[in-house]
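Just so it is clear: chains get the letters A, B, ... in the order the sequence lines come, proteins before strands, and each one is counted from 1.
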Protein chains: 2
Amino acid sequence: MVQYRPAQLDFSFAALSDATRRGVLEQLSRADASITDLAGKFHMTLTGMKKHVAVLERAALVTTEKAGRVRTCRLAMRALEEEAAWIERHRQLWSARFDELDKIVEHLKSKEKPDARRKTR
Amino acid sequence: MVQYRPAQLDFSFAALSDATRRGVLEQLSRADASITDLAGKFHMTLTGMKKHVAVLERAALVTTEKAGRVRTCRLAMRALEEEAAWIERHRQLWSARFDELDKIVEHLKSKEKPDARRKTR
DNA sequence: TATATACTGAACCATATGGTTCAGTATCGA
DNA sequence: TCGATACTGAACCATATGGTTCAGTATATA
């Protein structure tokens with residue numbers, strides 16, 4: 001039931017492109033935290049941190065829930081599955097392509113061997 | 001010898017956060033291409049496509065070389081290794097954390113069983 | 001040599017991002 | 001009930017992004 005709208009990957013890769021937000025994810029992987037906790041840890045105003053958390057929520061990497069005054073942030077269960085899938089798919093495509101190139105290079109090398117030392121560049 | 005400056009991940013995740021650029025990577029995984037090729041394929045001006053390619057180069061996902069009039073774009077060999085590593089590391093951290101939560105949930109469930117049907121929410 | 005091709009760079013535009021401050025509102029605890 | 005705490009929202013700011021047009025420069029080609 002996961003929506004594969006292209007925008008989803010846009011949002012999650014964009015969310016991962018900021019070191020503070022990657023830090024927040026790392027932090028949340030250790031323990032849930034409030035906005036105040038996170039703002040303190042990353043030396044930032046509450047408002048600033050709230051924006052980062054909003055970006056992580058939009059990317060569905062984090063969920064939050066407010067109880068009383070405190071909004072608690074936690075990792076989303078599905079976190080990073082889609083992103084890992086995209087990257088893995090492409091790594092495979094590409095390594096296939098590089099294997100091809102390797103073969104071509106090997107082929108060229110074997111043809112060169114007979115009269116080596118022709119053009120170095 | 002790969003530089004692990006934090007900015008590198010910033011650049012590569014940012015590069016991946018745009019559907020056009022992901023499309024360009026996909027295209028390049030099939031064959032090298034000139035700026036003109038790519039601009040045509042993605043219905044964009046040369047100048048616009050050149051900017052996207054510049055972003056992919058900054059992220060070290062693509063390399064380019066100019067021969068005569070034509071600049072040829074190709075995938076960088078190292079492409080996506082670092083990004084995949086980051087994501088995998090975190091997927092592991094997080095699944096560990098979710099396993100913990102599962103245990104806690106199981107524990108609570110077993111305690112609840114005696115008098116189930118308490119609070120549905 | 002003249003023309004077409006392929007790119008490059010500057011300038012511009014609208015919108016997004018990453019941060020702030022300031023002025024609230026809501027809730028907790030003494 | 002009063003003060004402190006925790007967040008929220010609006011407004012602002014500088015810079016980045018994703019695109020364009022226009023005016024070049026360099027290279028192929030007829």
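- Heavy atoms of A:Gly48 sit under 4.0 angstrom from at least one base atom.
- Atoms CZ and NZ, on B:Arg21 and B:Lys51 in that order, are 11.5 Å from each other to the nearest 0.5 Å.
- To the nearest angstrom, C1' of D:dT8 lies 7 Å from NZ of A:Lys66.
- For A:Thr47 against C:dG19, no side-chain N or O and base N or O form a donor-acceptor pair under 3.5 Å.
- Between D:dT17 and B:Arg21, no contact under 4.0 Å exists linking OP1 or OP2 to a side-chain N or O.
- Mapping B:Thr72 and A:Asp18 onto DNA chain C by nearest heavy atom places B:Thr72 at the nucleotide closer to the 5' end.
- For B:Lys51 and D:dA16, the shortest distance from a side-chain N or O to OP1 or OP2 is not below 4.0 Å.
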Give the C-alpha distance, both sets of side-chain angles, the deciding distance and a yes or no for salt bridge (charged side-chain N to carboxylate O under 4.0 Å, His left out) between B:Arg91 and A:Glu83. CA-CA 10 Å; B:Arg91 270 162 60 80; A:Glu83 296 70 28; over 6 Å; no
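- Note on A:Arg58: a side-chain N or O is less than 4.0 Å away from OP1 or OP2 of C:dT17.
- Protein atom CG of B:Leu46 is 18 Å distant from nucleotide atom P of D:dG24, rounded to whole Å.
- Across the protein-nucleic acid pair, A:Asp37 atom CG and D:dA6 atom P stand 9 Å apart, rounded to whole Å.
- A donor-acceptor pair under 3.5 Å is absent between the side-chain atoms of A:Arg74 and the main chain of A:Thr63, judged by distance alone.
- Remark: A:Lys50 is in phosphate contact with D:dG9, judged by side-chain N or O atoms under 4.0 Å from OP1 or OP2.
- The side chain of A:Arg69 places no N or O atom within less than 4.0 Å of a non-bridging phosphate oxygen (OP1 or OP2) of C:dT25.
- Remark: B:Lys41 does not engage B:Glu26 in a salt bridge, criterion side-chain N to carboxylate O under 4.0 Å.
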